[in-house]
Amino acid sequence: MDKRNKSLNTVDSWASENLPISQHKEKLVHAVRVNPFLVVTGETGSGKTTQLPQYLYHAGFGKDGKIGVTQPRRVAAITVAQRVSQEIGCSLGREVGYQVRFDDCSSEDTVIKYMTDGCLLREILADPRLTRYSVVVLDEAHERSLNTDILLGLLKRKVLQPQGGSSGRSTPLKVVVMSATLDTDKLSAFFGHCPVFTIPGRTFPVSERFCGLIGPKDTDSTVYVKEVVKVALDLHTSEMAGDILVFLTGQSEIEKACDMLYEKAEAVDYRYDVRDSSVEGLLILPLYGSMPTDQQRQIFEPPPKGVRKCVVATNIAAMSLTINGIRYIVDSGFVKQLNHNSRVGMDILEVVPISKSEAQQRAGRAGRTSAGKCFRIYSKEFWEKCMPEYMVPEIQRTSLTAVILTLKCLSVHDVIRFPYLDRPEERFILAALKQLYQCDAIDRRGHVTRLGRLMVEFPLAPGLTRALLKAASLGCEDLLLPVAAMLSVENIFIRPGQQEKQQDAETEHRQLIEESGSCNDFAVLLGVFEKCRASDSPSAWCRDHWIHWRALKSAFNVETQLREILLRLKQQRDFPVETFDGSRSELFRRCLCTGYFANVARRSVGRTFCTMDGHGSVVHIHPSSALFEQDQLDWIIFHDVLVTSRVYIRTVCPVRYEWVKDLLPKLHEVDAYELSNVAREEVTDEEVAKWEAKETAKRQAEVSAEDSLKKMERRNDDTSVSEARARYLQRKQEKRQGKVP
DNA sequence: TTCAGGATA
């Protein structure tokens, strides 16, 4: 083992003493002792993540309970726990441990527990008062992950509620929120203007330059690949030794840029054109999430002598990976972001400008080991006019269905007035409530049903969980468990960039579709899962069929986890049991209908379909589907929507009208404001019974399908939300005046 | 007639 490796693995005892945070040790411990809430801010390199929990541990905070520290990402939770266990001098999993999905490395002895924010949220479901913790530290709060945002709101409430003997905790829970950026005033105000503790960072200065190649009018994102290449080559010839990190948006852009870099570097011999005589060549390396890990090794190794390394990466290099030796940054100024569009009720992957704080974080990647330089391809004007101060937090961009169910299960009934640090748009919350009502997770008054309590246990989207539970009640969970697992991992079908290989892959995939023996994409997924698992060499089977082995391996893991959860729940006495008389194919598709009936579409003109969710969007079946170019379809359900050149639906299954017709009224009959439980105390059981009787009568009156479709479309247009609110308020007022019995 | 940024339980 060489020296470099050794120094990476040993913990130098003086290092932690030398960190910027160490001189604030006593003050920090005191601040936690006297305040229920504390905000700690400090740049990367301040040592707050590794040191603060240790200070609290040595100060005795671990005597009354654990010190829990959350991270938004798995790797961070694991590596920080490793580091801290070495510093304390215990084996990992004893006094210092971690817990992430599929990997619990903690024990009864564990006092400092690092975990993902999602893990802590799960723990709160089982133990709402967090009786096993004395301190909870939410780290990286500035990243504003969905789970951290929910935890912020929950912890704000938990600590303010009176606690004592009966609640199972002797001392009040302490909450520390750690954030890197300067937006700490908002966090402090959120927690009743709690104190903010600032720790100076230890990073090197990074000079920033706007190259001005992209201005506010350059909305066409294809330009930035070319500009980024130009700037990277310019700096290669004009700057002193040091590696380059280029930020781009995605795999295809990165591959394009790498091709161009190679081409140009060959056309002009850059080895003889560089300012620094110690730099001879350029090593170009792509880096993105779905890249095979064996190809990533070179990225983290120092380049050969005389060679400058140029890593072309996605945001993965800004968030979760650190590459040593980077001195130069080339920032495209863009990122791909999944945004929920509630007007069409779909998620759209968009290329958007990054925020100023993200740009600063990207620049900071050049100042980890020495002073660096950041080249931004956009103009100062672009910075000022197009880039927001902070990123829109995840909670305001994504589907809230699963999160709202979690809140409801934690007795947060009025989910609209929950203390959000940044409130999601009301229509997003209402849409989530509606979806939960549609899959029977909550009742008309917004209360969690027995089914909803079962559903919250699964780490899946509620619609998929509903289909799984339906199958379980019918005793055919073996059909849905693999499907649920396959749909919760990344796409398993490989689509290579090269034309020849692409055709090869397509032939293999078509073969798999035919072998599944049915025109149903869900059945294709089930077939792939079963065939691969049954083969002698699953990894070779994947290679032969152009299937992502990494994705399938993780699907096997997820399936096992889902099966364990289901087994546990099935032991409950009141687990639902149903019977069904029909073919296996029909059984399978009817289970899917139960979960996905909100995603139902009907044939429209030609090969287009029209969604029946009230938006009435025109959609196309994606060319990768088994149902693509099928002419005999009428009603279909689908798993998700992809908006690119057209609105595509993927993972499709044909259904019969009789299977969905009884479910369809549920798509439009409900008043979403009632579900939010704004006026829980005012809605009586009798009122609900009357309302339901009225709805049944209305349903019976709907004679033809055509009729109900028209009604649905009318009721669910853009004004439906305001109308619903008006109806609700009117009823409330009438009730107050005694008009309604 | 196609194109998946990054996470998470």
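Reminder, nothing fancy here: chain letters follow the sequence lines and each chain counts from 1. It should be emphasised that the depicted structure is a prediction, and the values quoted were computed from it without experimental measurement.
- Side-chain contact annotation: A/Thr398 with A/Glu394, donor-acceptor N/O pair under 3.5 Å absent.
- Of the two residues contacting DNA chain B, namely A/Pro72 and A/Arg650, the nearest-nucleotide position lying further toward the 5' end is that of A/Arg650.
- Residue A/Glu394 has its side chain nearest to B/dA7 when only B/dT2, B/dA7, B/dA9 are considered.
- Residue contacts for A/Ser624: at a heavy-atom cut-off of 4.0 Å it reaches no nucleic acid atom on any strand shown.
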- Message: Apply salt bridge (Lys or Arg N to Asp or Glu O under 4.0 Å) to residues A/Glu477 and A/Lys570 and explain how you reach the verdict.
- Response: CA-CA 11 Å; A/Glu477 60 265 34; A/Lys570 271 194 144 180; 2.9 Å; yes
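- The nucleotide whose nearest atom lies closest to any side-chain atom of A/Leu338 is, among B/dG5, B/dA9, B/dT1, B/dG5.
- Rounded to whole angstrom, the span from the CG atom of A/Leu248 across to the P atom of B/dC3 amounts to 19 Å.
- Counting only N and O atoms by type, the side chains of A/Arg376 and A/Tyr378 include a donor and acceptor under 3.5 Å apart.
- At a threshold of 4.0 angstrom between heavy atoms, the contacts of A/Glu358 with the nucleic acid are absent.
- When the nucleotides B/dA7, B/dA9, B/dT1 are ranked by their closest atom to the side chain of A/Ile316, B/dA7 comes out on top.
- Between A/Gly250 and A/Pro623, the residue anchored nearer the 5' end of DNA chain B, judged by the nucleotide with its closest heavy atom, is A/Pro623.
- A/Val456 is listed as a side-chain neighbour of A/Cys409, based on a closest heavy-atom distance under 4.5 Å.
- Listed nucleotides: B/dA9, B/dA7, B/dT2. Nearest to the side chain of A/Arg101: B/dA9.
- In this structure, the nucleotide among B/dT1, B/dA9, B/dA4 sitting nearest to the side chain of A/Asn491 is B/dA4.
- Note on A/Tyr648: only backbone sugar-phosphate atoms sit closer than 4.0 angstrom, heavy atoms only; bases stay farther off.
- You'll find that the side chain of A/Arg74 is closest to B/dA9, out of B/dA9, B/dA4, B/dA7.
- Side-chain atoms of A/Glu506 lie closest to B/dT2 of the nucleotides B/dA7, B/dT2, B/dG5.
- You'll find that the side chain of A/Arg122 is closest to B/dA9, out of B/dT1, B/dA9, B/dG5.
- At a threshold of 4.0 angstrom between heavy atoms, the contacts of A/Thr249 are confined to the sugar-phosphate backbone, with no base atom among them.
- Looking at heavy-atom distances under 4.0 Å, A/Thr116 makes contact with sugar-phosphate atoms alone, never a base.
- Minimum atom distance to the side chain of A/Arg73 is reached by B/dT8, of the listed B/dT1, B/dT8, B/dG6.
- Residue A/Thr314 places its side chain closer to B/dG6 than to any other of B/dG6, B/dA4, B/dA9.
- Ring to ring, A/Phe638 and A/Phe522 are not that close: their centroids are 6.0 angstrom or more apart.
- A/Leu121 comes within 4.0 angstrom of nothing in the nucleic acid, heavy atoms only.
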